[in-house]
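In what follows, a single structure is set out as structure tokens and then discussed.
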Amino acid sequence: QVQLVESEGGLVQIGGSLRLSCAASGRTFSRYAMGWFRQAPGKEREFVAAISWNSAVTYYADSVKGRFTISRDNAKNTVYLQMNSLKPEDTAVYYCAARNTIAPSLNRLEYDYWGQGTQVTVSS
């Protein structure tokens, strides 16, 4: 069992930056691939970024490529999402997720554990 707790999101100005973190419980964090997803009002939850157990492989949605960076610190049982050049369309509830395998996935159905979500609002 893995419990995931995201950091607080917030209100950010257009073009600003925000870093989300997700702390995981348990001693096997390093065996899990991790992902970030987001869900805007009235829309389905969508893939944002994912990272393999050893950080060797990362995936990004086209909409965030070049602006967002996913990383992890296995010693701290934490995964991060650095978000730069934020746009209003990045406004959503952001969720971190853990997949009980070392390889990341873009498919939300392949993740086993989810955090509670944190609101990110980008506005002028």
Side-chain angles (χ1 to χ4, degrees):
Q1 188 76 10
V2 175
Q3 291 186 322
L4 304 172
V5 180
E6 294 103 342
S7 60
E8 188 173 344
L11 175 64
V12 185
Q13 287 191 331
I14 296 172
S17 298
L18 185 67
R19 188 176 82 157
L20 301 179
S21 62
C22 174
S25 65
R27 292 177 289 180
T28 58
F29 175 75
S30 62
R31 300 179 187 176
Y32 289 81
M34 300 296 295
W36 285 95
F37 292 77
R38 66 187 181 186
Q39 188 167 17
K43 295 188 177 181
E44 289 193 354
R45 193 170 300 187
E46 65 174 6
F47 170 76
V48 176
I51 189 167
S52 63
W53 70 283
N54 62 352
S55 303
V57 178
T58 56
Y59 297 134
Y60 294 94
D62 288 343
S63 58
V64 307
K65 203 170 292 183
R67 300 188 297 121
F68 290 12
T69 302
I70 188 171
S71 61
R72 65 190 295 163
D73 185 337
N74 287 344
K76 296 182 178 179
N77 281 14
T78 301
V79 62
Y80 304 95
L81 184 67
Q82 177 67 45
M83 303 185 292
N84 299 328
S85 302
L86 283 161
K87 305 175 181 180
E89 51 264 42
D90 295 318
T91 295
V93 177
Y94 283 72
Y95 298 88
C96 73
R99 186 177 187 223
N100 194 6
T101 183
I102 60 175
S105 171
L106 283 66
N107 186 346
R108 62 183 173 87
L109 299 179
E110 295 182 353
Y111 285 81
D112 302 291
Y113 304 101
W114 291 84
Q116 80 284 358
T118 187
Q119 177 70 47
V120 173
T121 302
V122 183
S123 176
S124 57

Supply the atom-to-atom distance [X] [atom1] to [Y] [atom2], rounded to the nearest 0.5 angstrom.
{"X": "N107", "Y": "E110", "atom1": "CG", "atom2": "CD", "value": "4.5 Å"}
{"X": "L20", "Y": "Y95", "atom1": "CG", "atom2": "OH", "value": "13.0 Å"}
{"X": "N74", "Y": "S55", "atom1": "CG", "atom2": "OG", "value": "6.0 Å"}
{"X": "D73", "Y": "S30", "atom1": "CG", "atom2": "OG", "value": "11.5 Å"}
{"X": "R45", "Y": "L109", "atom1": "CZ", "atom2": "CG", "value": "10.5 Å"}
{"X": "R72", "Y": "C96", "atom1": "CZ", "atom2": "SG", "value": "11.0 Å"}

If we only count heavy atoms from C-beta on, is the [X] to [Y] side-chain gap below 4.5 Å?
{"X": "I70", "Y": "Y59", "answer": "no"}
{"X": "V57", "Y": "P104", "answer": "yes"}
{"X": "M34", "Y": "L4", "answer": "yes"}
{"X": "R38", "Y": "V64", "answer": "yes"}

Greater than 12 external heavy atoms within 6.0 Å of [X]'s [atom1]:
{"X": "E89", "atom1": "CD", "answer": "yes"}
{"X": "Q119", "atom1": "CD", "answer": "yes"}
{"X": "K65", "atom1": "NZ", "answer": "yes"}

Next item on the list: Hey, could you give me each pair passing ring pair (Phe, Tyr, Trp, His ring centres under 6.0 Å) that has a residue in residues 10-51? Not counting sequence neighbours.
Entry: F37-F47, F37-Y111, F37-W114
Same apolar cluster (I L V M F W Y, side chains within < 4.5 Å links), [X]/[Y]:
{"X": "V93", "Y": "V120", "answer": "no"}
{"X": "V79", "Y": "W53", "answer": "no"}
{"X": "L18", "Y": "F68", "answer": "yes"}
{"X": "I14", "Y": "L86", "answer": "yes"}

Would you say [X]'s side chain and [Y]'s backbone share a donor-acceptor pair under 3.5 angstrom?
{"X": "S25", "Y": "Q3", "answer": "yes"}
{"X": "R99", "Y": "A33", "answer": "no"}
{"X": "S21", "Y": "Y80", "answer": "no"}

Check: How far apart are the closest heavy atoms of S52 and N54, and which atoms are they?
Finding: OG-OD1, 2.9 Å
Notebook entry, point to check: What is the minimum heavy-atom distance between A40 and A92, and which atoms define it?
Noted result: N-CB, 3.9 Å
Next item on the list: Using side-chain hydrogen bond (donor to acceptor under 3.5 Å, both in side chains) as the criterion, list what pairs up with S17, not counting sequence neighbours.
Entry: N84
Notebook entry, point to check: For R67, what residues pass the side-chain hydrogen bond (donor to acceptor under 3.5 Å, both in side chains) criterion, not counting sequence neighbours?
Noted result: D90
Next item on the list: Show your reasoning for whether side-chain contact (heavy atoms from CB on, under 4.5 Å) applies to S123 and T91.
Entry: CA-CA 8 Å; S123 176; T91 295; over 6 Å; no
Notebook entry, point to check: Taking it one step at a time, do T118 and E6 satisfy side chain to side chain donor-acceptor pair (under 3.5 Å)?
Noted result: CA-CA 6 Å; T118 187; E6 294 103 342; over 6 Å; no
